[in-house]
2 protein chains.
Amino acid sequence: MKNGVYSKGKSRINDILDAAHQLLIDAGYHNFSMRKVADAAGIKLGNLQYYFPSKSLLVSAMLDKTIQVYLDTFDEIRTHGSPEEQFQNLIKHVITDLTSRETTQFFPELWSLSNHEEDITVHMDQMYAKYRSILGDIIADMNPALSPKQVEKLSLFISASVEGHTVFIGHNKPWTKEVDNIVAMATQSFTWLVEHGDIPKR
Amino acid sequence: MKNGVYSKGKSRINDILDAAHQLLIDAGYHNFSMRKVADAAGIKLGNLQYYFPSKSLLVSAMLDKTIQVYLDTFDEIRTHGSPEEQFQNLIKHVITDLTSRETTQFFPELWSLSNHEEDITVHMDQMYAKYRSILGDIIADMNPALSPKQVEKLSLFISASVEGHTVFIGHNKPWTKEVDNIVAMATQSFTWLVEHGDIPKR
DNA sequence: GTGGATATAGTACGGTTGACCTACATAACA
DNA sequence: TGTTATGTAGGTCAACCGTACTATATCCAC
């Protein structure tokens, strides 16, 4: 059994994954069903199950595809400008992205899901690990005096802090209009932290 | 129809709400059902529906009760120590709390739910508004030179940043052991931000 | 152009879900 | 003590769920 080898099948798989992604965003995982995905993709349930025999396989594939988009953009950031500019670009990019409807809706679903489904946790952790890895490289360039351990901690702190804003300045959230201020405060204070991050623990 | 007026009914409602809270944490909202709540509470479905005629009423009441606990503890923080100490206590308390299993599991469910259910959004926003209000009072005490608008922005930035750590240093998350470091970095950098937060926008 | 792989449709099954309704048990109080 | 409000159990219903299976249609290489 090898599905998706004809051009028809390949584009079909793409349609399905897109439909599934959109349904997750629109309706949330608590009413995400195979039948609704099939409807959204414009195909019949039987056909959907030909490509994805089980719901968990579909969800897994859909998450993988969505996450891959984020991974690709992280690499891009590293290719332009000074470390300080890369740092600012990354923060600005992530915060701006998190105000899009897709991201605002998608990530809370991912976070929730990862708390209850083992294999989803793995994929999510891998994505954030890559994110922190890129961020860590930039931070090390900005302040070469930092130890690897310190770089790791700073990457964790900064990336986690940025993610938190999803719930507050995301799409249709109460503070969407403050995005520019948040970006400014984030770059300001996190830059300071990176430059003074080698302060020993009290 | 006025249920929960006898002592039996009152404690029953408490049992139900606790069971519902626990089920949400254990199983996630995507398999949160009236029957499972009834089972967890040790009562029959018909009885559960006597107290909560619809699922949305139950969820709403359960969320309200859980949120109330957080609101109460925020007030407590304001009663001891200098503004700087209050600031540190609040940050430490929130971050420490977010590493508990209950909080780590509960909040992503809340965030996800608030993206899809209108009335849940209202309750969540009220809680965070109160949180920011307390934090804002402390910040204003720490740096009286700040304008109300600046205080508001700082409260938003700091509270949102702290929430983000749930997904990374929460219960059973990959970085749980870094909690102390995160608390240190948070107090350090956010204190700096409050003290230098009146820097004009570039 | 035909045969075998691929894609699509259709149906059926066992289970769960939220809501509704009725009958019975228990508690409070006149 | 009796009667009324409150609490509890149980059954029913239509809708939806994931999965399995079969039958038909379409595609492409030979």
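A note on names: the letters A, B, ... follow the listed sequences, proteins ahead of strands, and every chain is numbered from 1.
Taking side-chain N and O atoms only, B/Y51 has no distance below 4.0 Å to OP1 or OP2 of D/dT6. B/R12 has a side-chain polar atom (N or O) that falls below the 4.0 Å cut-off from OP1 or OP2 of D/dT8. B/Y50 has a side-chain polar atom (N or O) that falls below the 4.0 Å cut-off from OP1 or OP2 of D/dG7.
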Legend entry - Base-contact (B) and sugar-phosphate-only (S) positions in nucleotides 14-20 of chain D, heavy-atom cut-off under 4.0 Å, - elsewhere: ---BBBB
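Atom-to-atom, CZ of B/F52 to C1' of C/dC20 comes out at 18 Å; the value is rounded to the nearest Å. When rounded to the nearest whole Å, the span between CG of B/N47 and P of C/dA19 equals 16 Å. Taking atom CD1 of residue B/I43 and atom P of nucleotide C/dT26, one finds them 17 Å apart after rounding to whole Å. Across the protein-nucleic acid pair, B/D39 atom CG and D/dT8 atom C1' stand 15 Å apart, rounded to whole Å. B/H30 places its NE2 atom 12 Å from the P atom of C/dT17, with the value rounded to the nearest Å. The CG-P distance, from B/N14 to D/dG7, rounds to 14 Å in whole Å. The interatomic distance linking B/K44 (NZ) with C/dG18 (P) rounds to 17 Å, in whole Å.
Side-chain contact, A/T176 with A/H171: no donor N or O sits under 3.5 Å from an acceptor N or O. For the 3.5 Å distance criterion, the side chains of B/E178 and B/N181 qualify, holding a donor opposite an acceptor. Side chains of A/S112 and B/E109: a donor-acceptor N/O pair is present below 3.5 angstrom, by distance only.
With sequence neighbours excluded, the residues forming a ring-ring contact (aromatic ring centres under 6.0 Å, His included) with A/F190 are B/F157, listed by chain and number. For A/S114, the side-chain contact (heavy atoms from CB on, under 4.5 Å) partners two or more places apart in sequence, or in a different chain, are A/I120, A/T121, A/M124, B/K173. By the ring-ring contact (aromatic ring centres under 6.0 Å, His included) test, A/Y131 is found to be paired with A/F74, residues two or more places apart in sequence or in another chain being considered.
A salt bridge is defined here as a Lys NZ or Arg NE, NH1 or NH2 lying under 4.0 Å from an Asp or Glu carboxylate O, and A/D141 with A/R78 meets this definition.
Cation-pi contact between A/K55 and A/Y29: present, with separation from the ring centre below 6.0 Å and deviation from the ring axis of at most 45°.
Listed by residue number, the members of residues 17-29 of chain B with any heavy atom below 4.0 angstrom from DNA chain D form an empty set.
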Donor-acceptor contacts under 3.5 Å from residues 63-71 of chain A side chains, at least two apart:
residue: A/D64; atom: OD1; partner: A/H123; partner atom: ND1; Å: 3.2
residue: A/K65; atom: NZ; partner: A/N14; partner atom: OD1; Å: 2.7
residue: A/K65; atom: NZ; partner: A/D18; partner atom: OD1; Å: 2.8
residue: A/T66; atom: OG1; partner: A/H21; partner atom: ND1; Å: 3.0
residue: A/T66; atom: OG1; partner: A/M62; partner atom: O; Å: 3.0
residue: A/Q68; atom: NE2; partner: A/D72; partner atom: OD1; Å: 3.0
residue: A/Y70; atom: OH; partner: A/T103; partner atom: OG1; Å: 2.8

